[in-house]
There are 2 protein chains.
Amino acid sequence: MDEKEAPDATDRPSSVPGAASLTPVSYLVLGLVARHGTATPYDLKSFAAQSVGNFWSFPHAQLYKEPPRLAEAGLLAEEREEFGRRRRIFRITDAGRAALAEWLASGETALGELRAPGLLKLAFAELGRPADAVTLARGQAAAHRAQLASYEAFAALPADAMPWSLRRALELGLGYERLQVDFWEALVGDLAAGRIPPSPSAGPAPPGS
Amino acid sequence: MDEKEAPDATDRPSSVPGAASLTPVSYLVLGLVARHGTATPYDLKSFAAQSVGNFWSFPHAQLYKEPPRLAEAGLLAEEREEFGRRRRIFRITDAGRAALAEWLASGETALGELRAPGLLKLAFAELGRPADAVTLARGQAAAHRAQLASYEAFAALPADAMPWSLRRALELGLGYERLQVDFWEALVGDLAAGRIPPSPSAGPAPPGS
DNA sequence: CCAGACATGTAACAGGTTACATGATTCG
DNA sequence: CGAATCATGTAACCTGTTACATGTCTGG
């Protein structure tokens, strides 16, 4: 409805002209809009699902909530369709491009954690029955096998189906799922063989010591 | 002090008698208390930091908030020290033990996502300058190298320093960090060599094999 | 006994997740 | 033209996070 001119940013302590605290979702949206020129929230949902959505899913509610926020911060420009769905079409602004570039250029390098629920459960598996550990390992192996298959199907797309950076990211995803599959399958084997105690002693003895 | 009998659960729509919606933190607390017999919130902080905290960090605020919640649900019993700090000591109840056992036995197998900020950034690296990608890859490689070193130090502890399940989980963490290090270092190499386009065609065959 | 570290909590905020609810389009 | 599906949004809840604030012990 009414357009707030947002005269200046001094009244809002958190919204500095350049860039406030932007979350991963913000950069996802900025990046997708920048890549495609324009996008509706629904487009974002599709784009995300087909690219990073493989290893980082975003509920659609966020993709409808975030663009307006970014528009209010001046990083996106919004326009309405005149007829039909009257959907919101977003386009990146110079400020948005700058924020995105700054993010890409910054060497912040937060490395996020391996928050796998299965891993947490495994860490406490000693408190349960051995059979439970087998169930867990089997289930994890199966689930990761499925995920791996999904990744492989995606990776089988022709070379020009995705930018090199995304493909590269996908490769890490592939390696990750392979690691998981191998890990859980090995665990299943060890548990079945009765050698519940750890350390397969197949130590790679890495360089160093 | 006063023991709340929690007469019934009908007044709270979300708190079913058996088990309500328990989060990963809940199970962490339940598991740690079960393992150690009793624990104060501060103990939990220490225990967590020394075990799963390596790959899943919990801010101490949560570890002070969660036990009372679990106590209210009847899964933990709380008692106060009489003198000194008068700290809260928690002990697991039969209901708590049951909830924990059920969790361990359930084959829910949620497999959580690979939400690595660096990976997200990489997926959009094509929008930035090539030099930015190098910076990113270098930074990630260094950060993961540090993390790997930390894991290795932890893994070097004597065999009886931790239960087998935790050690096993740690091994996955090690593999994960190695994967990350290899991945980012390879990326640095490819970028430096000018072969920015993807698929090095150097088949997987990771160094471990 | 003072300083510093260790320990213990709580309040406020922000973000994600779930759920609800409805609008538009297509196809049989 | 009705039903199913696709598309679009919003509201409430809840949890994780950040920040603050203070209390208690130990050692010099």
Side-chain angles (χ1 to χ4, degrees), chain A residues 1 12-16 19-29 38-50 52-53 56-73 78-90 110 112-113 115 117 120, chain B residues 1 12-16 19-30 38-50 52-53 55-73 78-90 110 112-113 115 117 120:
Chain A
M1 39 172 248
R12 288 273 197 76
S14 64
S15 74
V16 254
S21 66
L22 299 180
T23 69
V25 198
S26 313
Y27 292 114
L28 171 78
V29 171
T38 63
T40 69
Y42 187 75
D43 290 337
L44 293 173
K45 183 184 139 192
S46 315
F47 295 156
Q50 287 163 8
V52 284
W56 193 330
S57 73
F58 299 87
H60 81 274
Q62 275 189 270
L63 302 179
Y64 279 86
K65 224 189 324 185
E66 191 65 18
R69 271 187 36 182
L70 294 175
E72 211 170 333
E78 172 181 355
E79 54 185 292
R80 280 269 189 181
E81 259 186 356
E82 310 256 324
F83 312 103
R85 300 244 166 146
R86 294 193 47 73
R87 55 199 142 183
R88 304 168 166 188
I89 301 178
F90 292 92
E113 300 174 341
R115 296 194 175 181
L120 183 66
Chain B
M1 37 169 257
R12 287 274 196 77
S14 63
S15 74
V16 254
S21 66
L22 299 180
T23 69
V25 199
S26 312
Y27 292 113
L28 172 79
V29 170
L30 284 177
T38 64
T40 69
Y42 188 76
D43 291 336
L44 292 174
K45 183 185 138 191
S46 316
F47 295 156
Q50 287 163 8
V52 283
F55 56 81
W56 194 328
S57 74
F58 299 88
H60 81 275
Q62 273 189 270
L63 302 179
Y64 278 87
K65 224 189 323 181
E66 192 64 17
R69 271 187 35 182
L70 294 176
E72 212 169 334
E78 173 180 355
E79 57 186 289
R80 280 271 190 182
E81 259 187 357
E82 308 257 323
F83 313 103
R85 299 247 164 145
R86 294 192 44 73
R87 54 199 143 183
R88 305 167 165 189
I89 302 178
F90 292 92
E113 299 174 342
R115 296 194 174 180
L120 183 65

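Numbered from 1 within each chain, the chains take letters A, B, ... in sequence-line order. Computation of the quantities below employed the complete heavy-atom set of this structure, encompassing side-chain atoms and omitting hydrogens, waters and symmetry-equivalent molecules.
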**Asked** Which nucleotide in the list C:dT10, C:dT18, D:dT15 gets nearest to the side chain of B:Ala61?
**Response** C:dT10
**Message:** Any donor-acceptor pair, under 3.5 Å, between the side chain of B:Lys65 and the base of C:dG9, if you only look at N and O atoms?
**Reply:** no
**Request:** Measure from CG on A:Leu63 to C1' on C:dT17 and round the result to the nearest Å.
**Result:** 13 Å
**Item:** Separation of atom NZ in A:Lys45 from atom P in D:dG9, rounded to whole Å
**Value:** 12 Å
**Given C:dG16, C:dT17, D:dT10, the nucleotide with the shortest approach to the side chain of A:Tyr64** = D:dT10
**Message:** Closest-nucleotide mapping onto DNA chain D: is A:Ser46 or B:Val25 further toward the 5' terminus? I mean the 5' end.
**Reply:** A:Ser46
**Request:** To the nearest Å, give me how far apart CG (B:Leu70) and P (D:dT15) are.
**Result:** 11 Å
**Asked** Looking at D:dT15, C:dG9, C:dG16, which one has an atom nearest to any side-chain atom of A:Thr23?
**Response** C:dG16
**Message:** Quick check for you: among C:dG15, D:dG9, D:dT15, whose closest atom lies nearest to any side-chain atom of A:Arg80?
**Reply:** D:dG9
**Asked** Is B:Pro68 close to B:Arg88 at the side-chain level, that is, under 4.5 Å between some pair of heavy atoms?
**Response** yes
**Request:** Please tell me which of the listed nucleotides, D:dT15, C:dG15, D:dG16, lies nearest to the side chain of A:Arg115?
**Result:** D:dG16
**Asked** Looking at side-chain heavy atoms only, is the closest gap between B:Ser26 and B:Val29 below 4.5 Å?
**Response** no
**Request:** Could you tell me which residues satisfy side chain to side chain contact (heavy atoms under 4.5 Å, CB included) with B:Lys45, sequence neighbours excluded, listed by chain and number?
**Result:** B:Tyr42, B:His60, B:Leu63
**Prompt:** Between A:Phe58 (CZ) and C:dT17 (P), how many Å, whole number?
**Reply:** 9 Å
**Message:** Rounding to an integer number of Å, can you tell me how far A:Glu113 CD sits from D:dT17 C1'?
**Reply:** 13 Å
**Prompt:** To the nearest angstrom, how far is A:Leu44 atom CG from D:dC6 atom P?
**Reply:** 19 Å
**Prompt:** Would one find a side-chain N or O of A:Arg87 under 4.0 angstrom from OP1 or OP2 of C:dA24?
**Reply:** no
**Contacts of B:Phe55 that satisfy ring-ring contact (aromatic ring centres under 6.0 Å, His included) - sequence neighbours left out** = none
**Prompt:** Side chain of B:Glu113, backbone of A:Ser57: donor and acceptor closer than 3.5 Å?
**Reply:** yes
**Message:** Quick check on C:dG15: is either OP1 or OP2 less than 4.0 Å from any side-chain nitrogen or oxygen of A:Gln62?
**Reply:** no
**Prompt:** Of the nucleotides C:dA19, D:dT18, C:dG9, which one has an atom closest to the side chain of A:His60?
**Reply:** C:dA19
**Atom pair distance, as rounded to whole Å: CG in A:Leu28 and C1' in C:dG16** = 14 Å
**Asked** Rounded to the Å, how far apart are B:Trp56 CH2 and D:dT17 C1'?
**Response** 15 Å
